[in-house]
Amino acid sequence: MNRQRAVRQMLEDLRSAGVTHVPADFARELATALQTAPAEKRTAPVAPTPAAKPSLAPAPRTQPVVSTAPAVVTPAPAPSASPAAPTVARSAPVAPAASLFEKPAAIPAAPARPCLNLTRDERVAQLKDVAARVAQCTRCEELARTRHQTVFGVGNPEAEIMFIGEAPGADEDRQGEPFVGAAGQLLNKIITASKLTREEIYICNILRCRPPGNRTPAPDEAANCREYLDAQIATINPKYIVCWGSVAAQNLLNITSSIGKLRGKFFDYQGIKVMCTYHPSYLLRTPTAKKDVWEDMKFFRRAQGVELQ
Ligand code: URA
């Protein structure tokens, strides 16, 4: 038996033994042997096979190719998996080099955030605990010095919908509750028109203290207060959040786009659907924007299966 026939025989033996692929070095050696062997009349033609994988292509040819024999063993039907076999998909056996790019078996998706599944009483207790810490907070020296009281949040501890505003104003600072001033009155109208009630929502702000003169919250103030907001979100575990105004939207989502660009779609925040729209205070200054907020609320409520006219 000459060299080429011996190689062919070896390939046949491997194939009938169920070997579906061989180490790259070995395949290359076989391919070279087939090319460099003297031509011979084929007595036992090898079955036609698909083109060799590029990574197993034979070394540059210096002699005319004599045979179309493959560089890799033709994949035999996949043997039935033994109990010890790995669970990686085997429908298309791949050459060793390609296996580097094989996708791992499916990895179960990690939950977006821990699902607390707290009872109502546990939520109430947890919120009370955080509110007590907020009441003592002095992280923002100026705000702690100038506030009458902190404004933590209000509403249903089991709410599916959470509203986030910017910061307490003068009325909220005096009464200790979010959205009770002029902007709050308009928000109440929006809530009612949207077939919602304040009692089924949870409402809070990016800040829990009033910035003097109602100035825009500074980034470090928002950062100082974030722990409390995160605790409220984690406790309430809402399905939906509405961000009222750019301060709420940009801080929650950690983005810089204008509110005009953020409207009209849902963002995903840790598995919560977030919609952003104009702040009621902006609507008081710019009544023409009310129709946009109405469109946003129609879009928002449609997601909950409620059609608004
Ligand atoms: N504006 C806000 O953003 N929040 C309030 O609580 C009141 C006015």
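Ligands are counted one by one from 1 in listed order, and the atoms in each one are counted from 1 as well. In what follows, residues are counted from 1 in the order of the sequence shown.
Residue G165 has at least one heavy-atom neighbour below 4.0 Å for each of these atoms of ligand 1: 3 (O). Within ligand 1, counting atoms from 1 as listed, the ones closer than 4.0 Å to a heavy atom of P178 are 6 (O). Less than 4.0 angstrom separates some heavy atom of H279 from each of these atoms of ligand 1: 1 (N), 2 (C), 3 (O).
Between F300 and F266, the ring planes are tilted. Angles from 30° to 60° get that label. Aromatic ring orientation, F163 versus W244: perpendicular (interplanar angle above 60°, classes split at 30° and 60°).
Not one N or O of G169 is nearer than 3.5 Å to an N or O of ligand 1, by distance alone. Checked against a 3.5 angstrom limit, the closest N/O atoms of E172 and ligand 1 fall outside it. Taking distance alone, with nitrogen or oxygen atoms compared against 3.5 Å, A167 approaches ligand 1 more closely than that limit.
At a heavy-atom distance under 4.0 Å, atoms from both the backbone and the side chain of E166 approach ligand 1. Of the heavy atoms in S281, none comes closer than 4.0 Å to ligand 1.
Within the 3.5 Å criterion, the main-chain N or O of C137 finds no donor-acceptor partner in the side chain of R208.
Counting only heavy atoms of the protein, atom 4 (N) of ligand 1 lies nearest to N205 OD1, 2.8 Å.
Distances from ligand 1 to the non-hydrogen atoms of E177 include no value under 4.0 Å.
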>> For E295 and K298: C-alpha separation, side-chain torsions, deciding distance, then whether salt bridge (charged side-chain N to carboxylate O under 4.0 Å, His left out) applies.
In response: CA-CA 5 Å; E295 287 308 311; K298 286 204 272 188; 3.4 Å; yes
>> Under the criterion side-chain contact (heavy atoms from CB on, under 4.5 Å), I'd like the reasoning laid out for D220 against C140: C-alpha separation, chi angles, the key distance, then a yes or no.
In response: CA-CA 8 Å; D220 62 323; C140 307; over 6 Å; no
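Residue N214 holds its CG atom at 8.0 Å from OG of S281, rounded to the nearest 0.5 Å.
A salt bridge links R302 to E307: one of the charged nitrogens lies within less than 4.0 Å of a carboxylate oxygen.
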